[in-house]
Amino acid sequence: MSEHQPTIFDKILAFLDIGPLADGHTLVIPKERKAHLHQLSDESAAAVGRVLPRLCRAVMRATGATDYNVLQNNGAAAHQVVMHVHFHIIPKFGDEGLGVHWPARKLADADARDLLARMRQALDTDGK
């Protein structure tokens, strides 16, 4: 009797988007049912991290794309429609693919230092 050797695909599903922005638009989802990325277990998050580069390479080879976006939204205000963690791999061909509006602003040094201190504190207490 042969034993099943676990693979990264035991924790992940990948499939073509039914409403693609470009040929090869692929969805990558963890099998763990969580709505937001921060809710995923470390194990599921690591599986996603291990498979994303590999799937990006496969999409590029299959489509001939040299550029692509990886998109992941959390919450309705952040444009999440399906409330299950999922990543989009979206090839970019000229105007085809994801269009992005990026309203960048300035961050004052004092504000950055304060924000970093609060983030470090949150990381120190994460999981405690």
Side-chain angles (χ1 to χ4, degrees):
M1 179 186 252
S2 68
E3 261 186 56
H4 171 73
Q5 295 296 322
T7 72
I8 53 178
F9 291 104
D10 289 337
K11 300 206 171 290
I12 302 295
L13 294 171
F15 48 89
L16 293 174
D17 193 300
I18 62 169
L21 296 181
D23 288 345
H25 182 163
T26 301
L27 294 178
V28 180
I29 69 168
K31 289 182 181 178
E32 181 180 2
R33 294 175 183 256
K34 298 294 181 185
H36 300 99
L37 183 61
H38 68 274
Q39 297 169 328
L40 279 184
S41 66
D42 288 348
E43 188 176 57
S44 287
V48 170
R50 284 191 308 269
V51 79
L52 269 173
R54 190 170 165 188
L55 288 170
C56 289
R57 289 189 296 270
V59 168
M60 291 172 63
R61 285 184 195 124
T63 64
T66 57
D67 301 302
Y68 61 93
N69 295 92
V70 175
L71 174 69
Q72 199 277 323
N73 301 321
N74 292 279
H79 308 287
Q80 184 180 12
V81 176
V82 176
M83 294 302 160
H84 183 111
V85 173
H86 61 285
F87 291 76
H88 296 260
I89 301 171
I90 308 167
K92 188 71 175 158
F93 304 101
D95 290 340
E96 187 180 335
L98 182 65
V100 176
H101 171 68
W102 196 287
R105 55 192 181 98
K106 300 278 185 200
L107 178 61
D109 288 344
D111 293 338
R113 282 191 296 277
D114 178 58
L115 182 57
L116 284 171
R118 288 184 283 141
M119 290 169 63
R120 285 184 183 114
Q121 182 179 13
L123 283 169
D124 289 343
T125 60
D126 191 36
K128 292 181 185 174

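Atom set for the values below is all heavy atoms of this structure, side chains included, hydrogens, waters and symmetry mates excluded. Just so it is clear, the structure is predicted and the values come from calculations on it, not from any experiment.
A pairwise comparison of heavy atoms in Ile90 and Leu98 identifies CG2-N, 3.8 Å as the closest pair. Nearest heavy-atom pair across Gly24 and Thr63 is CA-CG2, 3.8 Å. The two residues Val48 and Pro30 come nearest to each other via the heavy atoms CG2-CB, 4.2 Å.
The neighbour count for Lys92 NZ, taken as heavy atoms of other residues, nucleotides or ligands under 6.0 Å away, is above 12.
The CD atom of Gln80 sits 5.0 Å away from the NE2 atom of His36 when rounded to the nearest 0.5 Å. To the nearest 0.5 Å, atom CG of residue Leu115 and atom CG of residue Leu107 are 7.0 Å apart. Going from atom CG of Leu16 over to atom CD1 of Ile89 covers 10.5 Å, rounded to the nearest 0.5 Å.
In this structure, Ile12 is not a member of the same hydrophobic cluster as Phe15, with clusters built from ILVMFWY side-chain heavy atoms closer than 4.5 Å. Residues Val51 and Val85 share a hydrophobic cluster, clusters being chains of Ile/Leu/Val/Met/Phe/Trp/Tyr side chains in contact below 4.5 Å. Leu71 and Leu40 are not part of a single hydrophobic cluster, where members link through side-chain heavy atoms under 4.5 Å apart.
In this structure, the ring pair (Phe, Tyr, Trp, His ring centres under 6.0 Å) partners of His88, at least two apart in sequence or on a different chain, are His25, His86. Considering only residues two or more places apart in sequence or on other chains, Asp114 meets the salt bridge (charged side-chain N to carboxylate O under 4.0 Å, His left out) condition with Arg118. The ring pair (Phe, Tyr, Trp, His ring centres under 6.0 Å) search around His79 returns none, not counting sequence neighbours.
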CA sep, side-chain torsions, deciding dist, call: Val59, Tyr68, side chain to side chain contact (heavy atoms under 4.5 Å, CB included): CA-CA 9 Å; Val59 168; Tyr68 61 93; 6.0 Å; no

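Contact of the Leu37 side chain with the Phe87 side chain is registered, since non-hydrogen atoms from C-beta on lie closer than 4.5 Å.
Side-chain atoms of Glu96 come within 3.5 Å of backbone atoms of Asp23 as a donor-acceptor pair (strictly under, hydrogens ignored).
Each of Thr26, Val28, Val70 was evaluated against Cys56; a single residue qualifies, Val70, per the side chain to side chain contact (heavy atoms under 4.5 Å, CB included) test.
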